[in-house]
Number of protein chains: 2
Amino acid sequence: MSALDDELDYKILKLLQKDGRMSFTEISKEINVAVSTIRHRYINLVEDGILKIIGRVDPNKIGFNAYASVLISVKPKSFMNSIFEELTKLPEISFLALVSGDFDVEANVMCRDMEHLNELLSDKIHVLEGVFDTKTNMYMKIYKFSQPDLELAKLSSK
Amino acid sequence: MSALDDELDYKILKLLQKDGRMSFTEISKEINVAVSTIRHRYINLVEDGILKIIGRVDPNKIGFNAYASVLISVKPKSFMNSIFEELTKLPEISFLALVSGDFDVEANVMCRDMEHLNELLSDKIHVLEGVFDTKTNMYMKIYKFSQPDLELAKLSSK
DNA sequence: AATGAAATTTAAACCAT
DNA sequence: ATGGTTTAAATTTCATT
């Protein structure tokens with residue numbers, strides 16, 4: 001059973017998604033269920049890996065001024081696994097995925113500035129065996145960076 | 001002054017980044033500062049928009065099985081603003097940015113399945129005035145989805 | 001801005017249904 | 001799986017430096 005088949009889990013997730021530090025007491029008042037029930041549900045949601053409370057730090061406000069998408073074409077394809085292994089280690093990479101289309105890999109990188117980005121590309125990425133071609137596009141302005149909308153997921157289980 | 005010029009803010013951010021529900025008491029024990037100091041710092045970090053505690057919900061575990069990147073070419077360019085305005089409203093879009101390169105806009109979308117994604121593209125995106133061309137690539141496997149590495153930012157203020 | 005201490009609120013653990 | 005009760009712990013407020 002998915003968590004969102006359950007109305008109670010859904011309500012808890014929705015509240016904590018907005019404010020990760022909301023107390024169980026407050027949540028219980030909001031949705032009229034006993035505090036201990038909320039707490040049990042919360043523990044299960046976290047244990048099941050559905051929910052994780054994190055402190056999100058604004059990259060711009062701490063000095064990351066070069067946010068870019070690096071698309072990578074891997075040839076020969078036998079290097080795919082080792083490339084993912086190596087890229088995962090790079091601290092600048094905040095998002096790494098196997099992607100369909102003209103390229104094989106998409107890596108989103110957070111760098112302090114262009115110099116840092118350039119160094120990352122030439123010294124850490126281009127040198128990897130199997131990196132045949134790359135294409136780097138800058139994210140010039142972020143308009144939205146939000147969480148999955150639970151309303152949309154909810155419909156799926158009906 | 002950036003938050004990371006300050007060793008104390010940095011330590012607080014680093015701990016809360018990992019566990020957003022860590023108590024101020026525990027944080028204060030970890031870094032040997034009075035609880036009330038931690039709390040004051042925390043309030044300032046949140047007020048300044050540097051830190052926000054959120055509940056992160058795993059998209060896969062709640063029924064989002066089609067995660068894709070939609071690149072959009074806008075012509076004529078005068079439609080750029082209205083397109084961003086309209087796209088921001090779409091709940092499926094979790095990331096929206098102005099991007100350099102062959103396209104103008106990158107939107108990352110979370111859909112329940114291919115049918116949902118197809119409907120989103122044809123009924124909500126392709127119909128917008130100024131959307132000249134789009135290119136959709138599927139994220140087939142996510143290897144990493146992490147927060148900005150504070151170590152890298154820290155160096156910038158030295 | 002940082003701290004210590006007191007008052008209030010919350011979380012945790014336990015047990016029962 | 002839910003909920004009530006008790007004990008321990010954390011938060012909040014306030015006063016002080």
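Chain letters run A, B, ... following the sequence lines, proteins first, then strands; residues in each count from 1.
- Applying the side-chain hydrogen bond (donor to acceptor under 3.5 Å, both in side chains) rule to B/Thr88 yields no partners; only residues at least two apart in sequence or on another chain are considered.
- Summarising the geometry, atom CG belonging to A/Leu45 is positioned 14.0 Å from atom NZ belonging to A/Lys52; distances are rounded to the nearest 0.5 Å.
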Please list every donor-acceptor pair under 3.5 Å in which a side-chain atom of residues 97-106 of chain A meets a protein atom from a residue at least two apart or in another chain.
from	atom 1	to	atom 2	distance (Å)
A/Ser100	OG	B/Met138	N	2.8
A/Asp102	OD2	B/Lys135	NZ	2.7
A/Asp104	OD1	A/Lys77	NZ	3.4
A/Asp104	OD2	A/Val74	N	2.7
A/Asp104	OD2	A/Lys77	NZ	3.1
A/Glu106	OE1	B/Tyr139	OH	3.0
A/Glu106	OE2	B/Tyr139	OH	3.0

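- Judged by the 6.0 Å distance and 45° axis criteria, A/Lys75 is not positioned over the aromatic ring of A/Phe79.
- If you measure from atom CD1 of B/Ile43 to atom P of C/dT3, you get 15 Å, rounded to the nearest angstrom.
- When the P atom of C/dA2 is taken as reference, atom CZ of B/Phe24 falls 15 Å away, rounded to whole Å.
- Scanning for salt bridge (Lys or Arg N to Asp or Glu O under 4.0 Å) contacts around A/Arg56 gives an empty result, with sequence neighbours left out.
- Between the P atom of C/dA11 and the CE atom of A/Met22 lies a distance of 11 Å, rounded to the nearest Å.
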Side-chain atoms of residues 22-29 of chain A: list all donor-acceptor pairs with protein atoms under 3.5 Å, sequence neighbours left out, distances to 0.1 Å.
from	atom 1	to	atom 2	distance (Å)
A/Ser23	OG	A/Glu26	N	3.1
A/Ser28	OG	A/Thr25	O	2.8

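- Near-neighbour residues of DNA chain D inside residues 31-41 of chain A, defined by a heavy atom below 4.0 Å, number-ordered: A/Val33, A/Ala34, A/Ser36, A/Thr37, A/His40, A/Arg41.
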Checklist entry - Passes side-chain contact (heavy atoms from CB on, under 4.5 Å), B/Lys61 versus A/Asp48? Steps please. => result CA-CA 9 Å; B/Lys61 300 211 170 155; A/Asp48 296 346; 5.8 Å; no
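- Judged purely by distance below 3.5 Å, without hydrogens or angles, the side chains of A/Glu151 and A/Tyr10 pair a donor atom with an acceptor atom.
- Along DNA chain D, read 5' to 3', the first and last nucleotides having any atom under 4.0 Å from a heavy atom of chain A are D/dA1 to D/dT11.
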